[in-house]
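Just below is one structure, and these are the notes that go with it.
Each chain gets a letter, A, B and so on, in the order the sequences are listed, and its residues count up from 1. Predicted model only: the values in this text are computed from it and were never measured.
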There are 2 protein chains.
Amino acid sequence: MSKKSVTIKEIADIAGVSVATVSYVLNGKKKISEKTRTKVLAIVQQLNYTPNLSAQNLRTQDSKLVFALVNSINSSFNTEILAKIDQKFDSRGYQLLTLTGKIPEVIRTNIFDGGIVLNYNLSFDDLEDLARHVHKKMVILSGSTPLKSASIVSMDNESGMTLILEELYKSPHKRICFICGPSESINNQERLAISEKIFKSLFQRDDFSIHVYNGFFNSDAAYEVALKLMKSDSYDAFVCFNDSMALGVYQAAAELGLKIGEDISVTGFDNIFFSRHLTPGLTTVAIDKDSWAEAVVETYLAFNDENHEPTITKIPASLKKRKSIQLRDNT
Amino acid sequence: MSKKSVTIKEIADIAGVSVATVSYVLNGKKKISEKTRTKVLAIVQQLNYTPNLSAQNLRTQDSKLVFALVNSINSSFNTEILAKIDQKFDSRGYQLLTLTGKIPEVIRTNIFDGGIVLNYNLSFDDLEDLARHVHKKMVILSGSTPLKSASIVSMDNESGMTLILEELYKSPHKRICFICGPSESINNQERLAISEKIFKSLFQRDDFSIHVYNGFFNSDAAYEVALKLMKSDSYDAFVCFNDSMALGVYQAAAELGLKIGEDISVTGFDNIFFSRHLTPGLTTVAIDKDSWAEAVVETYLAFNDENHEPTITKIPASLKKRKSIQLRDNT
DNA sequence: TTGTGCCGACCAGGCCCCGCT
DNA sequence: AAGCGGGGCCTGGTCGGCACA
């Protein structure tokens, strides 16, 4: 299999010039006469020659490949932001390669210029470990704790969670429960911490922890949990730490004939695409994904400066009001 | 930036052995005494050495990297199957790297062992062009027309479309329209062709083409189209060529107070995750994604045999009955 | 002797310094 | 001065060979 690919040497031989000349023609770093230039290019074209990237990277110690490490490629939240980042890297001459797995071998080798990590389920320790291995440009898309050699561009969970709980406070529904994500997730940890703070101060209650249920950030688990809780009629407000889980809550409500926005209130986080397609629309926390993606790419490229030090950037969140919260007056 | 990484030569120097010895220790192709082995490994461990993949690939002319080219990473259909393929490649020692773009430069270079193409919007000509460039293992996940140097493992659109239209035939709703995808998409072409055939034979009508509307495979466009059509009350059955578009139809129906499964019928294709979370559940065409992924990986690995010839495999489709079609009697 | 254990040296493809005409 | 080429080098794999028991 895999026919041998044509090399620069073959091009040189056929064109009757040296390898050096072909190389110069291809990357235009030196003046070459128009005559040889066209001759070489014609042969390159004809033989469909492409430089061997391994050889190129090896020699130049440089690469325009950027990895994106994600916990799962099958997640709307991940792919929505990934699509934008991909696009922005592309316009700057970098190619984004998405890969999954805890810490794949391949990122420890040096075919990549650097990478970004978009991963709900990577603990701080995992990140430190990763940063030790990838001694290059690295941007993490979650968390707030500075890392030795990676920048952070993450969403502002604190303001986001505050916005949504303040909105929910306007509802007559006050028997709140929290459907949260996996404990390893940094975003989950942050959302949990700030929720507790607000719950205590705004709702003036001290029994936060007993109203927290794990939905593992996925709709099926959240569905199971919600179904049980609804049957026992313990709660009339469901604060989901992401939109996927809100979807599971919607499904449970539909099954039991509960009207969302009337009988119960439901909130999400992330504003992924289907949250506006639900009936009623899901009130959730949005973050401008375009700005986020832009910040990620800029932060990444900032490593190109000599002596650049890692930075931490927080992307502001806003409230996306729809109809899943019942409000006292219809404001 | 990017501290210089440690090389095999440094390891050799520190261990007081030759590079050859270190190399043999690392890939165990030759007997090395236990004593030197442990000594070398200790230093490798300590300096956190990882072989330079570019150098390795260059020398061995071999790679365990597989690309997955997709039109968009932000599509549930793509990511659901991708996640499974990723996993199966992983268990066979290959690393899957997902990338987007028409024909990215990087796949023409030889850092990849080969790749798969999962792309609704790549025409046959694009595929031929791609196959010319990637003269290696290649598996395409759509289409039926044999390619010179790539295998095909695609879903059986014909049987899928037949199943769903036969089911719809049991409904009293007979004013059918078809919401289809972009014309370049091979899957769209196949679904369109077979729909026309069945429409003519089963429903015995000859005016197929005037009931076809383009929804571009995305929910927003489908929503716009559906809203207009519903307002004019021209149709009571909406056959969507994928589930995303069915989502748009659901939204339009909700807005106009139309009950799906009662006032109108809606069908999908692909059975992506949220189709079972909708209310009512979406009746759609399912394909066993696990079998599909398995077939893709097996087909890919078959290229390892000498003189392997490209193959074409069709993955069977089945009907996922839910409640979005109104049936005459409640069977 | 006949291995066993190790090493020197070359090779893979392409970039680019430096020197030649 | 303008155009071109020789050859070292980036890193790691591997073959033939050599020393030593």
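We find that NZ of K9(A) is positioned 13 Å from P of dG7(D), with the value rounded to whole Å. Between I8(A) atom CD1 and dC16(C) atom P the separation is 11 Å, expressed in whole Å. Atom-to-atom, NZ of K31(A) to C1' of dT21(C) comes out at 19 Å; the value is rounded to the nearest Å. Following rounding to the nearest Å, Y24(A) (OH) and dC16(C) (P) show an atom-to-atom distance of 8 Å. Rounded to whole angstrom, the span from the NZ atom of K30(A) across to the C1' atom of dC17(C) amounts to 8 Å. The distance from atom CG of N57(A) to atom P of dA12(C) is 19 Å, rounded to the nearest whole Å. For L58(A) and dG12(D), the CG to P distance is 8 Å, given to the nearest whole Å. Look at CD on E10(A): it is 11 Å from P on dA12(C), rounded to the nearest Å.
Comparing Q56(A) and V19(B) by the nucleotide of DNA chain C whose heavy atom lies nearest to each, the residue mapping closer to the 5' end is V19(B). Summary of the strand contacts: N52(A) and E34(B) both lie near DNA chain C, and taking for each the nucleotide with the nearest heavy atom, the more 5' one is attributed to E34(B). When the nearest nucleotides of DNA chain D are assigned to Y49(B) and S18(A) by heavy-atom distance, the more 5′-ward of the two goes with S18(A).
The closest donor-acceptor contact from the side chain of Y49(B) to the backbone of E10(B) lies at 3.5 Å or more, if one exists at all. W292(A) places no side-chain N or O within 3.5 Å of a backbone atom of K84(A) that could act as its donor or acceptor partner.
End-to-end axis angle of the helix from dT2(C)-dA21(D) to dT21(C)-dA2(D), using five pairs per end and rounding to 10°, comes to 60°.
Across I312(B) and T145(B), no two heavy atoms sit closer than the pair CD1-C, 4.2 Å. Contact record, G143(B) with K314(B): O-NZ, 3.4 Å, taken as the closest heavy-atom pair.
Contact check on E294(A) versus R92(A) returns a salt bridge, with a Lys/Arg side-chain nitrogen under 4.0 Å from an Asp/Glu carboxylate oxygen. For D113(B) and K64(B), the salt-bridge test fails: no basic side-chain N is under 4.0 Å from an acidic carboxylate O.
Between S23(A) and the phosphate of dG14(C), there is no side-chain N or O to OP1/OP2 separation shorter than 4.0 Å. The phosphate of dG3(D) has neither OP1 nor OP2 within less than 4.0 Å of any side-chain N or O from T21(A). When the side-chain nitrogen and oxygen atoms of T60(B) are compared with OP1 and OP2 of dA12(C), none of them lie within a distance under 4.0 Å. Look at Q61(A) and you won't find any side-chain N or O under 4.0 angstrom from OP1 or OP2 of dC15(C). At least one side-chain nitrogen or oxygen of T36(B) sits closer than 4.0 Å to the OP1 or OP2 atom of dC6(C).
If you check every strand for non-hydrogen atoms under 4.0 Å, K29(A) touches sugar and phosphate atoms only. Within 4.0 Å (heavy atoms only), V17(A) reaches sugar-phosphate atoms of the nucleic acid but no base atom.
Within a 6.0 Å sphere centred on CD of E34(A), other residues, nucleotides and ligands contribute more than 12 heavy atoms.
Just one residue in the list S185(A), S154(A), S144(A) forms a side chain to side chain donor-acceptor pair (under 3.5 Å) with E190(A), and that residue is S144(A).
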